[in-house]
K.L.:
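Input: one structure, supplied below.
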Amino acid sequence: MPTFLSENEHGLWMTEDERENLKIDYRIKEIIVEAKSTLQHVMILDSYSFGRMLVLDGAVQTTSLDGHIYNETISHVPLSIHPNPKKVLIIGGGDCGVAKEVCKYSSVEQIDVVEIDPMVVEVCLKHLPEVSGGLADPRVNFIFDDGVNYVQNSPTKYDIVIVDSSDPIGPAEVLIEKSFYRSIFNALEEDGLMVCQSQSPIFHGEVMEQIFERVHDIFPKTKMFTAVVPTYPGGLWSFTLGSKGYVIPNEARMKELDALYVNEQIMASCFSLPEFMNKQLSKYR
Ligand code: SAM
């Protein structure tokens, strides 16, 4: 049994080892998938409190209970800011939750998902329908490659790039490098915009600021927004927007929202930050 799983008199548990003094235990009903790809350990577990969940190298990536909060926030914010997005690139996103949200926009003609590990897509399409929605939209193209390699030589100019990466360790470590954000800038249309998940303001404040600073150094406009995702350590989660032009949600597009979590009020308020975050980012104003 992998080190992340253990059994005691109360049953089977998956322990997310957040840091030396913080471990998070999830009680598990059933192990649906437990495998090793060439890159990482992959599990789909059915948990008592969060339903089915994707776990990579012992870290919970997304769950049936709250995956939609993160997936809707990271996709509907940029898609409601750009007035007419046609080509969207998703880096990472192997659980297909973000691509499922992007498919809701009729203006979008092409959705390229650059995921480094095909096993993640395979197991999520098959065993995590609450998140992946069994994605089968003809506009979606899976490209199994390292996101860094792809954007360096992107064959396409995109209107929106969404970096839906796992924590910046292992294969995702390169997805917070400044050179990566510069490649994204070059892969965007003249009025394009990028959003990336930028970790926990509570537990990963330094990495969050590092990401914001790197994006801020490259894009003419940079904004941070948040959502509360119960699965992620500390709940409060940050997203960084880098834009060549647009930054204000478009009224008309916000009316098109088809979502469980985001709505016009959320879209208007998610850029309002807690005071500690404003203070931390004030030097970049
Ligand atoms: N929403 C989740 C979160 O916030 O943690 C993550 C979604 S998705 C599961 C993250 C994906 O990024 C994983 O499938 C992982 O394989 C992929 N990934 C990690 N490093 C990558 C890289 N360098 N290029 C492309 N995909 C990568």
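Indexing begins at 1, ligand by ligand and atom by atom, following the structure's order.
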K.L.:
Within less than 4.0 angstrom of ligand 1, does V148 place any heavy atom?
P.N.:
no
K.L.:
Could you tell me whether Q197 and ligand 1 have an N or O pair separated by under 3.5 Å?
P.N.:
no
K.L.:
With backbone taken as N, CA, C and O and side chain as the heavy atoms from C-beta onward, which portion of I116 lies under 4.0 Å from ligand 1: side chain, backbone, both, or neither?
P.N.:
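Both of them.
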K.L.:
Give the residue, atom name and distance (to 0.1 Å) of the protein heavy atom nearest atom 5 (O) of ligand 1.
P.N.:
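Of the protein heavy atoms, Q61 OE1, 3.4 Å lies nearest.
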K.L.:
Give the residue, atom name and distance (to 0.1 Å) of the protein heavy atom nearest atom 15 (C) of ligand 1.
P.N.:
E115 OE2, 3.4 Å
K.L.:
Starting from atom 19 (C) of ligand 1, find the nearest protein heavy-atom neighbour and note its residue, name and distance.
P.N.:
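For this ligand atom, the closest protein heavy atom is S166 OG, 3.5 Å.
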K.L.:
Begin from the C-alpha positions of Y70 and Y261 and carry the test ring pair (Phe, Tyr, Trp, His ring centres under 6.0 Å) through to its verdict.
P.N.:
CA-CA 9 Å; Y70 170 99; Y261 172 77; over 10 Å; no
K.L.:
Does CZ belonging to R182 count more than 12 external heavy atoms closer than 6.0 Å?
P.N.:
no
K.L.:
With a heavy-atom distance limit of 4.0 Å, tell me whether L54 approaches ligand 1 through its side chain, its backbone, both, or neither.
P.N.:
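The side chain, only.
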K.L.:
As an exercise, identify every atom of ligand 1 less than 4.0 angstrom from a heavy atom of G94.
P.N.:
8 (S), 14 (O)
K.L.:
Side chain, backbone, both or neither: which part of L56 comes within less than 4.0 Å of ligand 1 when only heavy atoms are counted?
P.N.:
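Side chain only; the backbone of L56 stays clear of ligand 1.
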K.L.:
For ligand 1, which is the ligand I care about here, please tell me if G93 has any N or O atom under 3.5 Å from one of the ligand's N or O atoms.
P.N.:
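No; the residue has no nitrogen or oxygen that sits under 3.5 Å from a nitrogen or oxygen of the ligand.
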K.L.:
Just going by heavy-atom distances, which of C96, P171, G97, P168 is nearest to atom 23 (N) of ligand 1?
P.N.:
P171
K.L.:
Give a yes/no on ligand 1: does Q40 have at least one heavy atom closer than 4.0 angstrom to it?
P.N.:
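Yes, Q40 has a heavy atom closer than 4.0 Å to ligand 1.
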K.L.:
Within the 4.0 Å heavy-atom shell around V114, which atoms of ligand 1 are there?
P.N.:
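Those of ligand 1 that fall under 4.0 Å from V114 are 25 (C), 26 (N).
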K.L.:
Indicate the atoms forming the closest heavy-atom contact of L125 with S132, along with that distance.
P.N.:
CA-OG, 3.7 Å
K.L.:
Are R285 and N278 packed together at the side-chain level, in the sense that at least one heavy-atom pair is separated by less than 4.5 angstrom?
P.N.:
yes
K.L.:
Return yes when Y232 approaches ligand 1 closer than 4.0 angstrom through a heavy atom, no otherwise.
P.N.:
yes
K.L.:
What's the separation between atom CD in E190 and atom NZ in K244, rounded to the nearest 0.5 Å?
P.N.:
5.0 Å
K.L.:
With respect to D146, determine whether any N or O atom, backbone or side chain, lies less than 3.5 Å from an N or O atom of ligand 1.
P.N.:
yes
K.L.:
How far apart are the C-alpha atoms of Q40 and D117, what are their side-chain angles, what is the distance that settles it, and do they pass the side-chain hydrogen bond (donor to acceptor under 3.5 Å, both in side chains) test?
P.N.:
CA-CA 8 Å; Q40 54 201 339; D117 192 342; 2.9 Å; yes
K.L.:
Should the ring pair Y105 and H76 be called parallel, tilted or perpendicular, given that the plane angle runs from 0 to 90° and is split at 30 and 60?
P.N.:
tilted
K.L.:
Q280 and side chain to side chain donor-acceptor pair (under 3.5 Å): which partner among E209, E206, E275?
P.N.:
E209
K.L.:
Could you measure the distance from the CD atom of Q199 to the OG1 atom of T240? Nearest 0.5 Å is fine.
P.N.:
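Reported to 0.5 Å precision, the distance equals 10.0 Å.
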K.L.:
Going through the distances and angles, do E264 and K255 end up as a salt bridge (charged side-chain N to carboxylate O under 4.0 Å, His left out)?
P.N.:
CA-CA 7 Å; E264 285 188 71; K255 299 237 181 302; 3.4 Å; yes
K.L.:
Could you check whether K87 pairs with D159 (Lys NZ or Arg NE/NH1/NH2 to Asp/Glu carboxylate O, under 4.0 Å)?
P.N.:
no
K.L.:
Is any side-chain heavy atom of Y181 closer than 4.5 Å to a side-chain heavy atom of V151?
P.N.:
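Contact flag for Y181/V151 side chains = no.
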K.L.:
Quick one: does D164 get a heavy atom under 4.0 Å from ligand 1?
P.N.:
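So D164 counts as touching ligand 1.
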K.L.:
Looking at ligand 1, would V229 count as a contact under a 4.0 Å heavy-atom criterion?
P.N.:
no
K.L.:
Please identify which atoms of ligand 1 are closer than 4.0 Å to at least one heavy atom of D145.
P.N.:
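Near D145, the atoms of ligand 1 are 24 (N), 25 (C).
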K.L.:
So which protein heavy atom does atom 24 (N) of ligand 1 come closest to, and at what separation?
P.N.:
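Here the closest protein heavy atom is G147 N, 2.8 Å.
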K.L.:
Which atoms from ligand 1 have a heavy atom of V120 less than 4.0 Å away?
P.N.:
14 (O)
K.L.:
Is any N or O atom of A172, backbone or side chain, closer than 3.5 Å to an N or O atom of ligand 1?
P.N.:
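Indeed, backbone or side chain, A172 has an N or O that close.
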K.L.:
For E7 versus L12, what's the shortest heavy-atom pair and its separation?
P.N.:
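Looking at all heavy atoms of both residues, the shortest contact is CG-CD1, 3.6 Å.
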K.L.:
Using a 4.0 Å heavy-atom threshold (strictly under), name the region of L175 that reaches ligand 1: side chain, backbone, both or neither.
P.N.:
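For L175, only side-chain atoms sit under 4.0 Å from ligand 1.
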K.L.:
Can you tell me how the ring of Y158 sits relative to the ring of Y150, calling it parallel under 30°, perpendicular over 60° and tilted otherwise?
P.N.:
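Tilted, since the angle between the ring planes falls between 30° and 60°.
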K.L.:
With heavy-atom distances below 4.0 Å as the criterion, list the atoms of ligand 1 near D95.
P.N.:
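What qualifies from ligand 1 is 7 (C), 8 (S), 9 (C).
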